[in-house]
Protein chains: 2
Amino acid sequence: MASSIKDVATRAGISIATVSRAVNTPERVSAETLARVQAAMDALQYRPNALGRQLRAMHTGLLGVVLPSLANPVFAECMQGIEDAASVTGQRVMLMTTAYDLEREARAIETLLEQRVDGLVLTVADAAANPHLDRLDAEHVPYVLVYNDTVGQPRIPARCCVTVDNRAAARDAIRALLAQGHKQIRMLTGTLSASDRAALRHDGYREALEAAGIAPQPPVEIDFNADVMLPAELARLLAPPRPTAIFCSNDRLALLTIRSLREMGLRVPEDVSVIGFDGLAMGQWLMPTLATVAQPHRQIGEGAAQALARRIAGEVVPSITLPHRLLHGGTLARAPAAPASLSVVPSSLTSDTQGASR
Amino acid sequence: MASSIKDVATRAGISIATVSRAVNTPERVSAETLARVQAAMDALQYRPNALGRQLRAMHTGLLGVVLPSLANPVFAECMQGIEDAASVTGQRVMLMTTAYDLEREARAIETLLEQRVDGLVLTVADAAANPHLDRLDAEHVPYVLVYNDTVGQPRIPARCCVTVDNRAAARDAIRALLAQGHKQIRMLTGTLSASDRAALRHDGYREALEAAGIAPQPPVEIDFNADVMLPAELARLLAPPRPTAIFCSNDRLALLTIRSLREMGLRVPEDVSVIGFDGLAMGQWLMPTLATVAQPHRQIGEGAAQALARRIAGEVVPSITLPHRLLHGGTLARAPAAPASLSVVPSSLTSDTQGASR
DNA sequence: TTGAAAGCGCTAACAC
DNA sequence: GTGTTAGCGCTTTCAA
């Protein structure tokens, strides 16, 4: 049984109030008593009980974090940023993951609020249409969104998002492709309707192409969690007019694409250029390095924790748009004079069903 | 101000005891009062305060997690496993990261214990020589280690580790290399003294080679966090007798190695085979896929959470050794008849100091 | 089936 | 500089 303030008081032969002062405001305690308290605390291995303190104080110094999954390095890095920033100000962090499941999201928020976190950092599928956020607003719970991007959207009141400018970032990616002479640029994305930022990235894709006088092809949507590309999907991705470059809405998809292309005998970047989105550290360990639009995940997390701290303090905090950075990696090269021909239908287009059947 | 049990009681015209029962043991409350309590709770948006409950109950249902960093996908995945398992039993999870810093480790543990977590899951640099673990033992705090591997070590009492058999796993990696005709096999590792498991992997490397009648070369140690390989390190890695295969103590190092080799014109796996350790999901998205010894990170996390639950319940729980899995990826091929010659000293061996100077 | 009351560990207002 | 005491929100005896 852990010892309490009472035990310390008894042992030091003083009142609990003085022990409390010794712990929290030692300057208001005489040197002599302070020493006695110290001795007692050491002897008893006293460790203040945060629960008692928090119950009394009506706040906890706890931040609740609700993210889809740590298996995605994007969120893992962001979480690290949150933790870093929180630890600087002595806040602690409670994490719950949701796998984008609305019901788990609800439970997570509820649990965190029962624990009386001072505020929440969260990522949801679509921030403009999330019932839980409406409730948080109604209950005046301080919260900050990460990655969700409602900045351009008309909302009153606006939600505090810490994010990059997804649309502009996507435009930059496409422009980098255009600058290398690419005209046929296809987009590969996770389910558009399931992610506000994916939709925004698609907008950027369209805009950049249209500004260049090129008619964008419809994006190829594939299941967010797949770790193989189905033959049908690959076929759609390469359907005529054969693309010389592919813009993927995230790095994971980009890696998957590169692999699929190579398996069917296409060279990256000689035959097809590929650019991703996220800037996973890992992409830069590869050879060739992955061309991508890097998001400052760590800073997104840190920024969110800081913004949240201010919201908790009662400030009105606007959304924060952090700069993205185009990484001109080795998977991006000049467009080939003529698209590589696929004389033979590669095996992966016909027989790779077994690997894909999970 | 959030409403409390007292508010609900007042509004429902009953005592707080009955409200408490309505929440926790509704079967002991008459249907009629239950309805009244429900109505009051809804009207007041009542949310039970976990702090009060926990203070009273003398346990919290909180698990403390202490890990080096979530930027490392190994720990991120493990953390996801912990969270998954915890959420099944209604436990919640508080995370603190340490960057392997002993002082941060101490603070993290202290903070978590002040919050009265029921137990801890942690990874430390060297479990056999960690002062904090000794204190946890002395205070009878339930805890479980992940990745740390003291299984083979004589210790009384043994610490509960959830891990793979690092030594055997390394042996398997080397055997796979031997089976492909490799005779000159070098090992690349992070600082050996800083990691009990790296040391064990090195043991496995030595053993497997010696069993095959081959004298192992000393391992090449490089800074754990570097994201470029220094020319001097690369030179040591390739020093005669020129290796035809390289065993890296983790996947990150393996990726780095592959990149460095390719930059100097060596082909992987044609000239040099590379095998890693960890089984990062990402390694399988690459082309060629990374040969590696996969650890079941998710299950390690889940297993730890479950083991911890049992320790909290008072059981004595032995260490758990989870199976590793050899992934025979594309970066591993038959040894070349003669090692590739490096006629010219590649530029990366002489001039790449700028990239490395961070 | 319900209520009164004690107490979990702590802080802060107030009195000395 | 120190002590007394109320009370944060909750559960759980014990009585009724």
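Each chain gets a letter, A, B and so on, in the order its sequence line appears, and its residues count up from 1. Basis for what follows: all heavy atoms, side chains included, without hydrogens, waters or symmetry-related copies.
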In whole Å, I'd like the distance from the [atom1] atom of [X] to the [atom2] atom of [N].
| X | N | atom1 | atom2 | result |
| --- | --- | --- | --- | --- |
| A:R21 | D:dT4 | CZ | C1' | 10 Å |
| B:M58 | C:dA6 | CE | P | 19 Å |
| A:H59 | C:dC10 | NE2 | P | 16 Å |
| B:L51 | D:dC8 | CG | C1' | 10 Å |
| B:R28 | C:dG3 | CZ | C1' | 16 Å |
| A:R53 | C:dA12 | CZ | C1' | 13 Å |
| A:E114 | D:dG9 | CD | P | 15 Å |
| A:I5 | C:dA12 | CD1 | P | 11 Å |

Mind running a 4.0 Å heavy-atom check of residues 30-49 of chain B against DNA chain C and sending the residues that fall below it, in number order?
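B:S30, B:T33 - these, ordered by number, are the residues of the stretch whose heavy atoms sit under 4.0 Å from the strand.
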
Would you give the length of the straight line joining atom [atom1] of [X] to atom [atom2] of [Y], rounded to the nearest 0.5 angstrom?
| X | Y | atom1 | atom2 | answer |
| --- | --- | --- | --- | --- |
| A:N72 | A:L67 | CG | CG | 9.5 Å |
| B:L63 | B:L112 | CG | CG | 9.5 Å |
| A:T150 | A:R197 | OG1 | CZ | 11.5 Å |

Does the side chain of B:Y147 pick up a donor-acceptor pair with the side chain of B:H297 at under 3.5 Å?
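Side-chain D/A pair, B:Y147 to B:H297: present.
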
Answer yes if the side chains of B:E105 and B:N130 hold a donor-acceptor pair under 3.5 Å, and no otherwise.
yes

Could you check whether [X] gets within reach of a base, just the sugar-phosphate, or nothing at all, counting any heavy atom under 4.0 Å?
| X | answer |
| --- | --- |
| A:S20 | base |
| A:I16 | base |
| B:L55 | base |

To check you understand the geometry: which heavy-atom pair defines the closest contact between A:C160 and A:A307, and what is its length?
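Between these two residues, the closest heavy atoms are SG-CB, 4.5 Å.
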
Looking at C:dC8, I'd like to know if its phosphate oxygens (OP1 or OP2) sit under 4.0 Å from a side-chain N or O belonging to A:K6.
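Checking C:dC8 against A:K6, a side-chain N or O does come within under 4.0 Å of OP1 or OP2.
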
With nearest nucleotide decided by heavy atoms, which residue, B:A57 or B:T18, maps closer to the 5′ end of DNA chain C?
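Nearest nucleotide further toward 5': that of B:T18.
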
By nearest heavy atom, map B:A17 and B:G52 onto DNA chain C; which one lands nearer the 5' end?
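Between the two, 5'-proximity favours B:A17.
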
salt_bridge(A:R53, B:E114) N-O dist < 4.0 Å:
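Answer for the salt bridge query: no.
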
The side chain of A:S15 lies closest to which of these nucleotides: D:dT4, C:dC8, D:dT13?
D:dT4

